[in-house]
Asker: 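Here's a structure for you.
Here the structure is a predicted model, which is why all the values come from computation and not from measurement. All values below come from the heavy atoms of this structure, side chains included, with hydrogens, waters and symmetry mates left out. Numbering of ligands and ligand atoms starts at 1, following listing order.
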Amino acid sequence: MILPGATLGILGGGQLGRMLAIPARQLGYRVAVLAPEGDAPAFGVADHVIRAAFEDQEAVGRLAAISEVVTYEFENVAAETVRRIEARVPVRPGAELLAATQDRLLERALCQRAGAPVAPFREVDNREGLSLALTELGGPLRLKTARGGYDGGGQWRIRDEADAEALFRNGPPVEGRFLAEKEVNFETEVSVILCRDVYGDTRIFPLFENHHEGGILALTRCPARISAARRSEIEDLAVAFADTVGLVGTLTVELFVTARGVLVNELAPRVHNSGHLTVEACTVSQFEQHLRAVCGLPLRPAELRKPAAMVNLLGTEELRFIRLEGVESALRDPGASLHLYGKRHCRPRRKMGHLTVVGDDPDEVVSRARAHAETMRFVKGGS
Ligand code: AMP
């Protein structure tokens, strides 16, 4: 057991790292954050700030030296870096799961190992491969970069040969391999978040129902509107993944629910945007549960206390030194909690914060969250 008072190292300094650091500090851990950005949201709540590239071996060595356990808050840290830290101090979840989730093709292989159903797909390396995938699977397809895509980036909808031709007119849109996947006509998108500790003890959060806009999460509601049978199917899948990789920490599985069953879309070896409402709505937050799992502390039951909805607050334009206007309606609502990540600059689609509303009626919390978010606007502030 890594006891309170020890130092937790976090690779990555975004909002997930920040929200992880807050309960860690509450429990008396010291927090060290390594991230390249000068204004990383997690730096403001860290005891040790290491501003450096993930490839900077000296800086990574310093993080390993001061930490008793290390975790990561996003996938795009080189698995090699994580392996190097692992040689000195535990990294949870480890490099193996990280490597599998960094690459959509390896991720599909892991789904196969865990016996998890996925949409029909092909590996695509070039224009001819895309044509072949169109012929074999039938359009429309979603073409996704194997590595590095995030929040709908590195993803294209290919209906037919004309789309394929247009996308590859001047060569591939980006370097590297692709996954071409049949577009799924889903009823709902859901995610499941599970934490497993060093002893194999596992807790699953209630399922989250997610609505994306332009490939980016817009709204999460909980409970998800799906049948008990589907729910237990999804929970079993999540546990199968956790057992297959010997998970220590958090795993998020994003899925499509179709009329004929569920299909895994994506895995993340970390806390997740769809789990933000656990902070106010569940018996433990995903962040505290993750901390408990990686430190070997007892896990808490992860039950929903009240229906909840979460709306992401995204940037809509380029602004420096922002302020948030129109917060009064949310702040007057006793069930609403506003989270801003401390990002000083706003860009279109950048995740700046989120708003969670808890209440008694699952539809009403969604309307309230949407209505409050409507009144808010980022504007240019001071310096
Ligand atoms: P991803 O980056 O793979 O999570 O994709 C972002 C979003 O794009 C998903 O949450 C879906 O809303 C949509 N999407 C991705 N893949 C597919 C697919 N095969 N069929 C339909 N929608 C998809």
Side-chain angles (χ1 to χ4, degrees), residues 14 16 74-76 97-98 100-112 116-124 129-130 133-134 136-160 163-164 167 173-174 176-193 207-222 224-226 234 237-238 241 250-276 310-312 314 348-351 354:
L16 299 175
F74 86 137
E75 287 96 314
N76 291 330
L97 182 59
L98 180 71
T101 55
Q102 279 174 346
D103 185 307
R104 290 184 192 271
L105 293 160
L106 294 179
E107 197 171 82
R108 290 297 180 269
L110 176 57
C111 289
Q112 243 153 14
V118 295
F121 72 93
R122 293 288 184 274
E123 178 177 343
V124 164
L130 182 54
L134 267 174
E136 290 181 359
L137 303 175
L141 300 179
R142 295 293 178 115
L143 184 72
K144 304 177 182 183
T145 52
R147 302 179 74 87
Y150 193 63
D151 284 338
Q155 187 176 146
W156 302 268
R157 185 165 193 260
I158 309 287
R159 288 165 299 178
D160 49 26
D163 282 349
L167 187 65
V174 292
R177 301 166 307 145
F178 300 85
L179 169 86
E181 181 177 75
K182 182 119 177 110
E183 187 169 275
V184 178
N185 186 13
F186 55 79
E187 290 169 351
T188 331
E189 285 189 82
V190 297
S191 55
V192 58
I193 300 180
L207 289 196
F208 306 109
E209 178 181 329
N210 302 321
H211 298 268
H212 291 83
E213 281 165 23
I216 199 162
L217 184 65
L219 174 109
T220 296
R221 59 185 287 163
C222 190
R225 293 165 295 180
I226 64 167
I234 291 169
L237 272 178
F241 275 117
T250 304
L251 176 71
T252 303
V253 186
E254 291 184 80
L255 306 106
F256 300 125
V257 180
T258 76
R260 284 189 289 163
V262 298
L263 299 168
V264 171
N265 175 37
E266 205 170 17
L267 306 175
R270 53 165 174 79
V271 286
H272 194 260
N273 194 169
S274 60
H276 288 358
M310 187 265 343
V311 173
N312 267 339
L314 304 180
R349 291 164 55 84
R350 189 175 195 201
K351 289 175 178 169
H354 70 268

Asker: Got the closest protein heavy atom to atom 19 (N) of ligand 1, with its distance?
Answerer: E181 OE1, 2.8 Å

Asker: Considering the heavy atoms of F186, write down every atom of ligand 1 situated less than 4.0 Å from one of them.
Answerer: 21 (C), 22 (N)

Asker: Taking N or O atoms only and a 3.5 Å limit, does R104 qualify as a polar contact for ligand 1?
Answerer: yes

Asker: For the pair F256 and F186, name the ring-plane relationship: parallel under 30°, tilted 30 to 60°, perpendicular over 60°.
Answerer: parallel

Asker: Measuring from atom 1 (P) of ligand 1, which candidate in E213, R142, E266, H211 has the nearest non-hydrogen atom?
Answerer: E266

Asker: Short list, please: which atoms of ligand 1 are under 4.0 Å from a heavy atom of E183?
Answerer: 19 (N), 20 (N), 21 (C)

Asker: After noting the C-alpha distance and the side-chain angles of R108 and F121, does the key distance pass the side chain to side chain contact (heavy atoms under 4.5 Å, CB included) rule?
Answerer: CA-CA 9 Å; R108 290 297 180 269; F121 72 93; 3.6 Å; yes

Asker: May I ask you to decide whether E181 forms a salt bridge with R104, counting only side-chain N to carboxylate O separations under 4.0 Å?
Answerer: no

Asker: Show me which atoms of ligand 1 lie under 4.0 Å from any heavy atom of V184.
Answerer: 18 (C), 19 (N), 20 (N), 21 (C)

Asker: Quick one, P173 and F178 - any side-chain contact, counting heavy atoms below 4.5 Å?
Answerer: yes

Asker: What protein heavy atom lies closest to atom 7 (C) of ligand 1? Include the residue and the distance to one decimal.
Answerer: G215 CA, 4.1 Å

Asker: Does N210 approach ligand 1 within less than 4.0 angstrom via side chain, backbone, both or neither, non-hydrogen atoms only?
Answerer: neither

Asker: Which value, rounded to the nearest 0.5 Å, describes the distance between E266 atom CD and E107 atom CD?
Answerer: 5.5 Å

Asker: Under 3.5 Å, side-chain donor or acceptor atoms of residues 207-217 against the rest of the protein: list the pairs with distances, not counting sequence neighbours.
Answerer:
unit_1	atom_1	unit_2	atom_2	d
E209	OE1	R225	N	2.9
E209	OE1	R225	NE	3.1
E209	OE2	H211	NE2	3.1
E209	OE2	R225	NE	3.3
E209	OE2	R225	NH2	2.4
N210	OD1	T220	OG1	3.0
N210	ND2	S191	OG	3.0
H212	ND1	E189	OE1	3.4
H212	ND1	E189	OE2	3.0

Asker: Taking all non-hydrogen atoms of both residues into account, name the closest pair between G148 and N76 and its distance.
Answerer: CA-ND2, 4.2 Å

Asker: Using heavy-atom distances only, which candidate in E189, K144, E107, H212 approaches atom 11 (C) of ligand 1 most closely?
Answerer: E189

Asker: Relative to ligand 1, is Q155 under 4.0 angstrom through side chain, backbone, both or neither, heavy atoms considered?
Answerer: side chain

